[in-house]
Every structure is written in structure tokens, then in C-alpha cells.
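Hydrogens, waters and symmetry mates play no part in the numbers below; they use all other heavy atoms, side chains included. One-based numbering along the sequence shown.
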Amino acid sequence: MNPTAQEPFDPRDRPARLTVGVVGAGRVGPALAASLRLAGHRPVAVSGVSDASVRRAAALLPDIPIVTPAEVLARADLVLLTVPDDALPGLVDGLAETGAVRPGQLLVHTSGRYGAKVLDPALRAGALPLALHPAMTFTGTSVDVQRLAGCSFGVTAPEELRLAAEALVIEMGGEPEWIAEESRPLYHAALALGANHLVTLVAQSMELLRTAGVEAPDRMLGPLLGAALDNALRSGDAALTGPVARGDAGTVAAHVAELRAHAPGAVAGYLAMARTTADRALAHGLLKPELAEDLLDVLAGSDTLGDARGDGAGGTR
């Protein structure tokens, strides 16, 4: 055999690997467990109730048995608690009260809202608490494992477990970002404001374009939104463009009139985002104060500014 040739890497050859269990086979848990398997750890048990959960587990963790949460903890050294935020405290309390938690067991939750303190009942039972939140949207398919490469994780844990928490994130292909316990709700609000509301805005924009007769709104929006996102990440508020930042009150009034006529459900969101945009544009010197008064009148709810549809103020740039 050529001594310089390398054998294909088999993760199972790595020493000191952990057995991994998942409580809550939603979109997140099976993907994280699959990524840990690629790092050489060994998934051994999953809990899931709904048909969708069972299908996800079967697709991402084939041949791993579906068992009760207590059985997951009995089999695994590292347990991923990947349940909805509101269900997490009750789950932790129940597992601790029933004696399911074992001393020395790594207990990891993936909630963005909570830090490590929500795991205090398990800590008192001897578990090692970690909060590892992937800042990523999940589909529940194998593409999620690929998306974890380079994904930031919000990490909160006791200081003595910081290195262990960061190591697990790195093994999943992620980048650890330390979040203080008291900052977790604000951290999570920031992510929800950006990612969740982005989906709503894009879906609403596509609906309006279809109403306007655009046959392929996704194709139209893709390059525009990609460029806007890139510019915003690079330049922040300096990337603002459009009629609000320019102070084109007539154009904004025309927008509001059209939305009231064709999509009244979109008016409140448009006005709220436009007011926020105007405030930020003013604060950063992009919106001229002398143009702001008429614009703010429109955003305050005025139905017209001159003739909103015929005053000649137009443009979409």
C-alpha cells in the first residue's frame, strides 16, 4: 500500500465519541443530531409524537429507535431538547422530577429565548446544562445539515462548560457566539425581527406583485432582495434607498392608496415599516428634514397628499 495514500475518513474511528439522544423530533433536533453523527458521535434514540416528527427522524436518523423522552435520557450521554420554547420549562421540570436526568449527562436545549438557567432543575440533578441556539431557519430536511456549515450559534453555559459548548458547536460546523444569560430574550427578539418578519414581507410582496400582473414575482424579487440584503449587511442604514429615504411623500401616498384599494391587510405593516425607515433615515442624515414633514403626514394616516395618484411623484428606485 502506498504510505502516502489516505484511507477515506470514517467518523466512527474517532475516540471518545458521545451517544446522542433527541427529545422533540421537530425540524431542528434531527438535523443537529445528524450533524453530530458526521462528527463521529452516535445517535441512539429519538422521541417524537406526530407523524411528521416520525418521518423527519426516519429521514435524517435512519434506524434510530423512536422511544419515550425518559428512555432517550436513559440511553444518551448528550441529550438535545429541541421542543418549542414555551414547552421547554415544563419538560425540564418533568424530566428532573421523575429522575430521568443522570449525573454528568450533557443536556442541551436549542431555544433562542432561554439561556442555561431554564435547565437549573436538571443541573440540581447533576446534569451539565448548555444552551446552543443555531441562528438558522430549518426545513426539516437534509439541506439543514449543510446549512449548519458556518452558521452562528448563540451559546450560553456555565463558565466551566464554555469550552465544551463551543467544541460541540464547532463539531456541528457552526461558529459559537457567546450570549450572556440576561441578553438571551433581546438576542432572540433581534433574530425574530430580522428572519421571521423577512419571510412575511417577502411573501406579502410576492402576493402584491401577482395582483399587479407579474407572472414570476420570485424571479423579479430574487436579485433585488439579494442585493438589498448584501448592501444592508455591509453598510447598515447607509444602504437605505427608495421613496421614504428620499422623502418622496407623493409616491408614498400613492402606495398607501393602492394598498388600501387592493390589499388593505398590508396597509398597517407598510405604514409601520415606513415610519421606522423614516426615523432611521432622518437619524442618519439620509432624509432631508425639509422633506420629512409631508412624508410624516402621510405616514401618520393622511389619506391624500394632493392627488396621490396623479401628482407626478413616481419612481421605484
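To the nearest 0.5 angstrom, Leu259 atom CG is 8.0 Å from Gln204 atom CD. How far CG of Leu287 is from CG of Leu282: 4.0 Å, rounded to the nearest 0.5 Å. The CD atom of Glu258 sits 11.0 Å away from atom OG1 of Thr211, with the distance rounded to the nearest 0.5 Å. Ser183 OG to His188 NE2: the interatomic distance, rounded to the nearest 0.5 Å, is 14.5 Å. Within the model, atoms CD of Glu207 and NE2 of His262 stand 15.0 Å from one another, a figure rounded to the nearest 0.5 Å. Here CG of Leu191 is found 8.5 Å from CG of Asn196. Values are rounded to the nearest 0.5 Å.
Considering only residues two or more places apart in sequence or on other chains, Arg55 meets the salt bridge (Lys or Arg N to Asp or Glu O under 4.0 Å) condition with none of them. Judged as a side-chain contact (heavy atoms from CB on, under 4.5 Å), and not counting sequence neighbours, the contacts of Thr82 are Val22, Val28, Leu80, Thr110. Remark: Leu221 pairs with Ser205, Met206, Leu209, Leu224, Leu225 by the side-chain contact (heavy atoms from CB on, under 4.5 Å) rule, at least two apart or across chains. Applying the side-chain contact (heavy atoms from CB on, under 4.5 Å) criterion to Leu161, with sequence neighbours excluded, gives Leu128, Pro129, Leu130, Ala157, Pro158. Residues satisfying the salt bridge (Lys or Arg N to Asp or Glu O under 4.0 Å) test with Arg113, not counting sequence neighbours, are Asp86. By the ring pair (Phe, Tyr, Trp, His ring centres under 6.0 Å) test, Tyr114 is found to be paired with no residue, residues two or more places apart in sequence or in another chain being considered. Checked against side chain to side chain donor-acceptor pair (under 3.5 Å), Tyr187 has the following partners two or more places apart in sequence or in another chain: His133. Qualifying side-chain contact (heavy atoms from CB on, under 4.5 Å) partners for Arg219, counting only residues two or more places apart in sequence or in other chains: Ala216.
Residues Val298 and Asp294 have side chains not in contact (no heavy-atom distance under 4.5 Å, counting atoms from C-beta outward). In this structure, Leu95 and Pro69 have side chains that are in contact, with non-hydrogen atoms separated by less than 4.5 Å. For the pair Val155/Ile179, no side-chain contact is recorded, criterion being any heavy-atom separation below 4.5 Å from C-beta on. No side-chain heavy atom of Asn231 sits less than 4.5 Å from a side-chain heavy atom of Thr241. In this structure the side chain of Phe153 never reaches within 4.5 angstrom of the side chain of Pro176, judged on heavy atoms. Considering only heavy atoms from C-beta on, Val108 stays 4.5 Å or farther from Val79 through its side chain. With a 4.5 Å cut-off on side-chain heavy atoms, Leu73 and Gln105 count as touching. In this structure the side chain of Leu123 reaches within 4.5 angstrom of the side chain of Asp120, judged on heavy atoms.
For residues 216-244, no residue pair satisfies the ring pair (Phe, Tyr, Trp, His ring centres under 6.0 Å) rule, not counting sequence neighbours. The side-chain hydrogen bond (donor to acceptor under 3.5 Å, both in side chains) analysis of residues 140-151, with sequence neighbours excluded, yields the pairs Thr139-Thr141, Thr139-Asp144. Counting only residues at least two apart or on different chains, the salt bridge (charged side-chain N to carboxylate O under 4.0 Å, His left out) pairs with a member in residues 220-242 are Asp230-Arg234, Asp237-Arg280. Listed by first and then second residue, the salt bridge (charged side-chain N to carboxylate O under 4.0 Å, His left out) pairs involving residues 71-85 are Glu71-Arg75 (not counting sequence neighbours).
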Applying side chain to side chain contact (heavy atoms under 4.5 Å, CB included), run through Val20 and Arg42 and close with a yes or a no. CA-CA 6 Å; Val20 178; Arg42 185 164 62 91; over 6 Å; no
What's the verdict on side chain to side chain contact (heavy atoms under 4.5 Å, CB included) for Leu32 and Leu148, showing C-alpha distance, side-chain angles and the deciding distance? CA-CA 8 Å; Leu32 296 188; Leu148 288 174; 3.7 Å; yes
Give the C-alpha distance, both sets of side-chain angles, the deciding distance and a yes or no for side chain to side chain contact (heavy atoms under 4.5 Å, CB included) between Leu78 and Thr19. CA-CA 6 Å; Leu78 165 63; Thr19 53; over 6 Å; no
Test side chain to side chain contact (heavy atoms under 4.5 Å, CB included) on Thr277 and Leu240; report intermediate values, then the result. CA-CA 8 Å; Thr277 300; Leu240 278 173; 3.7 Å; yes
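Between Ala25 and Ala57 the shortest heavy-atom distance is CB-CB, 4.4 Å. Val67 and Ala45 make their closest contact through CG2-CB, 3.8 Å (heavy atoms, listed as atom of the first residue, atom of the second, distance). Taking every heavy atom of both residues into account, Leu295 and Ala278 meet most closely at CD2-CB, 4.2 Å. Across all their heavy atoms, His255 and Tyr270 have their closest contact at ND1-OH, 2.6 Å. Closest approach of Ala131 to His109, counting heavy atoms only: CB-NE2, 3.4 Å.
With respect to Arg17 and Glu171, a salt bridge is recorded, a charged nitrogen being found less than 4.0 Å from a carboxylate O.
Under the 4.5 Å side-chain contact rule for hydrophobic residues, Leu88 and Leu107 share a cluster.
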